[in-house]
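Below you'll find the structure, written out as structure tokens, and then a few comments.
Remember, it's 1-based here, ligands and their atoms both numbered in the order they're listed.
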Amino acid sequence: MTGRFVVLEGGDGSGKSTQRDLLVAWLQSSGIDAVATLEPGGSELGVSLRKLLLDGGAIAPRAEALLMAADRAQHIADVIRPALARGAWVVSDRHVPSSLVYQGVVRDLGVDAVGALSVFAADGLVPDLVVVLDVDDATAEERRSPGSDRMEREGDAFHEHVRRAYRTLAEAKGWTVIAGAGPPEAVAARLRAVVEPFVNAESAPS
Ligand code: TYD
């Protein structure tokens, strides 16, 4: 069996973690070894980095980008590559696209500069599929937990910018965008429709 690396993306309040868990449960119920994970915070070091990134005070944009990249490098080394090597699927709540959107566009460090940093951190690992959960501003504001971490405390304009940046970059980078509105089970069905060809490709005779 060949593992696949699937990344779920979207602004805060887009419902990624719920959809990641539903997708992993569905893969597992289809007899596929699948791992649910996240960035930042998917490794032991990453748990500490996540606390620094989200629970502390102000962080300079470049330091933020470097800490996200460090989290990613450790996550890949400790969790993602070992899972893929044993043939498991990995479904991650956020990865490189988050850095391109949040640090590259919204923090204005530049998509190319942050992209280069991400290439260094990822050391050749590229997702098989990136799916962006797109929700309108009103739905996202409703779902976003108010002020629970440093990023979530950013204002509405910041989060609207994030959602716009996802739409623009998705087109340029070939990420798949699906509607994230509606009941979780309806979104899960849309997501499965996107993922299913990868499952079938895996079981097809080579
Ligand atoms: P996450 O836990 O996914 O937040 P939420 O559940 O609210 O979507 O991600 C934490 C925050 O970190 C989120 O606001 C986005 C931000 N982030 C970046 O700015 N750059 C990155 O590279 C990553 C992975 C996350």
Side-chain angles (χ1 to χ4, degrees), residues 5-24 36-43 45-76 78-80 90-122 125-127 130-135 137 139-166 169 173 175 180 184 187:
F5 180 28
V6 178
V7 173
L8 296 186
E9 288 284 348
D12 300 58
S14 59
K16 297 173 282 70
S17 54
T18 303
Q19 291 306 324
R20 175 203 60 188
D21 293 347
L22 288 172
L23 180 61
V24 164
T37 188
L38 81 165
E39 291 182 9
S43 64
L45 173 66
V47 171
S48 303
L49 292 172
R50 183 181 173 92
K51 282 205 184 86
L52 290 174
L53 278 159
L54 300 180
D55 299 346
I59 300 180
R62 281 167 196 273
E64 184 177 81
L66 288 161
L67 288 170
M68 292 292 181
D71 168 78
R72 182 158 302 130
Q74 195 71 34
H75 185 215
I76 289 169
D78 287 0
V79 176
I80 303 178
V90 176
V91 183
S92 186
D93 176 350
R94 300 193 182 280
H95 188 63
V96 169
S98 286
S99 286
L100 301 183
V101 166
Y102 285 79
Q103 282 68 51
V105 178
V106 180
R107 301 285 198 216
D108 207 21
L109 294 176
V111 172
D112 290 346
V114 174
L117 187 60
S118 295
V119 166
F120 178 76
L125 181 73
V126 178
V130 174
V131 182
V132 178
L133 302 184
D134 184 49
V135 294
D137 292 340
T139 309
E141 292 311 327
E142 227 176 81
R143 286 183 186 171
R144 197 152 59 81
S145 23
S148 42
D149 69 41
R150 191 175 59 87
M151 304 299 263
E152 279 160 354
R153 282 193 296 273
E154 297 278 358
D156 291 355
F158 175 93
H159 292 286
E160 282 164 29
H161 196 178
V162 166
R163 289 190 287 278
R164 275 202 314 279
Y166 269 114
L169 277 187
K173 303 282 181 191
W175 304 333
V187 181

Go through the steps for V105 and L100 under the test side-chain contact (heavy atoms from CB on, under 4.5 Å), then give the verdict.
CA-CA 6 Å; V105 178; L100 301 183; over 6 Å; no
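Between V79 and G42 the shortest heavy-atom distance is CG2-O, 3.3 Å.
If you look at ligand 1, the protein residues with a non-hydrogen atom under 4.0 Å away are D12, K16, E39, P40, R50, L54, M68, R72, D93, R94, S98, S99, Y102, Q103, M151, E152.
Ring geometry, Y102 versus F158: the interplanar angle falls from 30° to 60°, so the pair is classed tilted.
We find that E9 and K173 are not joined by a salt bridge, their nearest charged nitrogen and carboxylate oxygen being 4.0 Å or further apart. Contact check on D137 versus R164 returns no salt bridge, with no Lys/Arg side-chain nitrogen under 4.0 Å from an Asp/Glu carboxylate oxygen.
Applying the ring pair (Phe, Tyr, Trp, His ring centres under 6.0 Å) test to H75 and every residue at least two apart in sequence or in another chain returns nothing.
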